[in-house]
Number of protein chains: 2
Amino acid sequence: MTDLAALPGISVLVVEDDPVAAAAHTLYVEREPGFRAVGTVHSCADALRFLERARAAGTPVDLTLLDLYLPDGHGLQLCRSLRAAGHTTDVIAVTSARDLAMVRQAVSAGVVQYLLKPFSAAALHDRLERYARYRDSLGRTGEATGQDEVDQAFALLRTPERSSLPKGLSAPTLDAVASVLREAATGLSAAAAGAAAGVSRITARRYLEHLVDTGRAVREPQYGSVGRPELCYRWRGDAPPAGRRGVGA
Amino acid sequence: MTDLAALPGISVLVVEDDPVAAAAHTLYVEREPGFRAVGTVHSCADALRFLERARAAGTPVDLTLLDLYLPDGHGLQLCRSLRAAGHTTDVIAVTSARDLAMVRQAVSAGVVQYLLKPFSAAALHDRLERYARYRDSLGRTGEATGQDEVDQAFALLRTPERSSLPKGLSAPTLDAVASVLREAATGLSAAAAGAAAGVSRITARRYLEHLVDTGRAVREPQYGSVGRPELCYRWRGDAPPAGRRGVGA
DNA sequence: CACGTTTGCGTTCATAGAGTTCACGGTCGT
DNA sequence: ACGACCGTGAACTCTATGAACGCAAACGTG
């Protein structure tokens, strides 16, 4: 029989308020071998309904990509509700909340991963691949031979990513620059960003360009004064780097 | 500043059916510096009652050592119930169930660790120490500068086997390097640490990296001068995460 | 409308420290 | 006493950074 449960792959539900982001996440999941995006919903209520229906149909959702800020409630509250309802879906929290207290609450609510928006496709790929391996390590045998095996599975779930940056760039500096840029709501020139982050204008520009390349920042010239226009870099809260170009002024 | 971090220790509730095991677990916890065993109960109902009362008293339980086989219900069911009730206790499952499906259910119910009985005192010690460091890493600052910080916290929670040092490292040298680093409030480069500890830069770096991996030290780049930035290692306990350097340019 | 002025971008290059590889010496087990 | 192994350090390669410099782009003036 060819019901959904028999289909190979890990079934994923995407819960995301913003339609653009939702589509992007779904696309990322679909592109991942061994994963199937079985649904995309935009609210807590819909998510719970979807999970209920899936379970009733005998095809429970394996993994949920859960945005924490939803129109009809908080994602962690949804998480608690579905635990209470006995759902066994694993949850990857996807949010722009950098509050560490939120991270702790997420852990205690039982999320297996916590991904900060905006994230690269590679970052999600890494999480999904790890999750797949976790599933694999637990799925093949019925009995654990020892603590080591259990530990191994847990480690798979939570070992950090191998973020491979382009040559010449380092993770701490990128964090510093990105953080400075995030703070400055009005936008920053390369020189100003450099001064704020404690690096030279050249280095700052390097990382700012990288942020633009990966879609995490935008760059627009600042006219008005004499001389070559100053480039103003601005943090971009969300919206993945899907082809968005050409608008001049 | 969260007052949770300011509390004298991490409060632990032991939920264990067997009185002998319960006493042993409680003893282990008490023996662990920085932890307080605040209660020992023997059933789901009592556990829930205890957590309710603790929360009402303004002293919520931080961590629960939870046996899964209890006289009046299953531990995971209790786990789900307390999630539904909004408790933020973290849970370490303690059970003799070697069933891998059970492990998966435990993960989806939101346990942070899964410890197979019987376990050694060292095994529990390792888990508790990691948990303490996890709390510390999340309690100190209000905002994460990047995904790395979140990942680090998750890794602390779930990476096993810190008991034995990695190959190529020796305890005396580690002690020497750690003590040198602890002395230097302002932070040390690998070369400086090596000189102070009487070992080569390479060896010093090896141990410093290990300290960073296990969360006992942080490293941050020093910008300002030409050439590759110098990495500055600091003992955990100070060092604001935002890279703020006055001496630039 | 053209040319000079002004300002900051973008690139090239030297540099200094990071990170890696490999060979040595000591120790432990057989 | 011999061999294997483990921790250490030296030499080397690579990488991330800032300084210098030329150039591009807009404004101001004739």
Side-chain angles (χ1 to χ4, degrees), chain A residues 162-181 187-214 217-234 248-249, chain B residues 146 148 164-178 180-181 184 187-213 217-234 243-249:
Chain A
R162 302 271 167 276
S163 56
S164 71
L165 268 62
K167 291 255 171 160
L169 272 61
S170 70
T173 312
L174 181 60
D175 272 353
V177 173
S179 166
V180 160
L181 189 65
L188 250 60
S189 77
V199 299
S200 73
R201 175 186 69 90
I202 291 92
T203 299
R205 196 189 83 87
R206 229 172 248 147
Y207 287 90
L208 289 169
E209 281 306 312
H210 173 71
L211 288 173
V212 171
D213 282 348
T214 55
V218 288
R219 170 178 78 156
E220 55 188 27
Q222 210 70 315
Y223 304 99
S225 69
V226 178
R228 182 171 176 152
E230 188 178 46
L231 281 189
C232 183
Y233 293 86
R234 194 173 319 213
Chain B
D148 285 348
S164 62
L165 260 56
K167 287 268 182 181
L169 272 63
S170 71
T173 313
L174 181 61
D175 277 352
V177 172
V180 161
L181 189 65
L188 251 60
S189 78
V199 297
S200 76
R201 188 204 105 221
I202 292 92
T203 299
R205 195 190 82 87
R206 229 171 249 148
Y207 287 89
L208 288 169
E209 280 306 312
H210 173 69
L211 289 173
V212 171
D213 280 348
V218 290
R219 70 175 176 175
E220 63 181 28
Q222 295 280 71
Y223 306 102
S225 71
V226 68
R228 185 172 176 146
E230 187 179 44
L231 280 189
C232 183
Y233 295 85
R234 305 172 80 147
R244 249 337 156 37
R245 220 73 227 178
V247 302

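Chain identifiers are assigned alphabetically (A, B, ...) following the order of the sequence lines, protein sequences preceding nucleic acid strands; residue numbering begins at 1 within each chain. Worth knowing before you read on, the calculation uses all heavy atoms, side chains too, and leaves out hydrogens, waters and symmetry mates.
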Enumerate the protein-to-nucleotides 25-30 of chain C contacts in which both atoms are nitrogen or oxygen and the separation is below 3.5 Å.
none

Next item on the list: Report the C-alpha distance between B/L188 and B/V180 in whole Å, list the side-chain angles of each, state the deciding distance to 0.1 Å, and finish with yes or no for side chain to side chain contact (heavy atoms under 4.5 Å, CB included).
Entry: CA-CA 9 Å; B/L188 251 60; B/V180 161; 3.6 Å; yes

Note to self: Side-chain N or O of B/S170 versus OP1/OP2 of D/dG7: is the shortest distance under 4.0 Å?
What the structure shows: no

Note to self: How long is the straight-line distance from CZ of A/R228 back to OH of A/Y223, given to the nearest 0.5 Å?
What the structure shows: 10.5 Å

Checklist line | Per B/E230 side chain, nearest of listed nucleotides C/dA18, C/dG19, D/dA20 | finding: C/dA18

Check: Roughly how many Å is it from CZ in B/R219 to C1' in D/dA16, rounded to a whole number?
Finding: 13 Å

Note to self: Using whole Å, what does the distance between atom C1' of nucleotide D/dC12 and atom CZ of B/R205 come to?
What the structure shows: 15 Å

Note to self: So, does A/S189 get its side chain near the phosphate of C/dG8, meaning an N or O under 4.0 Å from OP1 or OP2?
What the structure shows: no

Notebook entry, point to check: Say you draw a straight line from CZ of A/R206 to CZ of A/R201; how long is it, rounded to the nearest 0.5 Å?
Noted result: 10.5 Å

Item checked: Of the listed nucleotides D/dC6, C/dG10, D/dA26, the one nearest the side chain of B/K167 -> D/dC6

Check: So do B/S189 and B/E230 actually touch side chain to side chain, heavy atoms under 4.5 Å?
Finding: yes

Notebook entry, point to check: Start at the 5' end of DNA chain D and walk down; is the nucleotide closest to A/P229 or to B/A204 reached first?
Noted result: B/A204

Margin query: Whether the side chain of B/R201 and the base of C/dG17 hold a donor-acceptor pair under 3.5 Å is what I'd like checked.
Written below: no

Next item on the list: Check DNA chain D against residues 192-200 of chain B and give the residues with a non-hydrogen atom under 4.0 Å, in numerical order.
Entry: B/V199, B/S200

Note to self: What is the distance, to the nearest angstrom, from the NE2 atom on A/H210 to the C1' atom on D/dA16?
What the structure shows: 14 Å

Margin query: Expressed as a whole number of angstroms, how long is the span from B/L169:CG to D/dG7:C1'?
Written below: 9 Å

Next item on the list: Classify the side-chain pair A/E220/A/Y233 by whether it contains a donor and acceptor separated by less than 3.5 Å.
Entry: no

Next item on the list: Using a 4.0 Å heavy-atom cut-off across all strands, classify B/I202 as base, sugar-phosphate, or nothing.
Entry: base

Notebook entry, point to check: If you look at every strand shown and take non-hydrogen atoms under 4.0 Å, does B/S225 touch a base, only sugar-phosphate, or nothing?
Noted result: sugar-phosphate

Next item on the list: Please test A/R219 against A/R234 for side chain to side chain contact (heavy atoms under 4.5 Å, CB included), starting from the C-alpha separation and ending with a verdict.
Entry: CA-CA 6 Å; A/R219 170 178 78 156; A/R234 194 173 319 213; over 6 Å; no

Margin query: Return whichever of A/P221 or B/R206 has its heavy-atom-nearest nucleotide of DNA chain D closer to the 5' end.
Written below: B/R206

Note to self: Test side chain to side chain contact (heavy atoms under 4.5 Å, CB included) on A/L174 and A/H210; report intermediate values, then the result.
What the structure shows: CA-CA 9 Å; A/L174 181 60; A/H210 173 71; 3.9 Å; yes

Notebook entry, point to check: Within this structure, what is the CG-to-C1' distance between B/L231 and D/dT15, rounded to whole angstrom?
Noted result: 12 Å

Next item on the list: Answer yes or no: does a side-chain N or O of A/T173 lie under 4.0 Å from OP1 or OP2 of D/dT17?
Entry: yes

Next item on the list: Determine whether A/T173 and A/T203 make a side-chain contact, defined as any pair of heavy atoms from C-beta on separated by less than 4.5 Å.
Entry: yes

Note to self: Within the 4.5 Å heavy-atom criterion, are B/L208 and B/L181 side-chain neighbours or not?
What the structure shows: yes

Checklist line | Closest nucleotide among C/dA18, D/dT17, D/dA26 to the A/Y207 side chain | finding: D/dT17

Margin query: Of the options C/dG8, C/dA18, D/dT17, whose atoms approach the side-chain atoms of A/R228 most closely?
Written below: C/dG8

Next item on the list: Specify the separation, in whole Å, of atom CG of B/L208 and atom P of D/dG9.
Entry: 13 Å

Note to self: Rounded to whole Å, how long is the line connecting atom CG of B/D175 with atom C1' of D/dG7?
What the structure shows: 16 Å

Checklist line | A/E209 CD to C/dT11 C1', straight-line distance once rounded to whole Å | finding: 13 Å

Item checked: side-chain contact (heavy atoms from CB on, under 4.5 Å) partners of B/S225, counting only residues at least two apart -> none

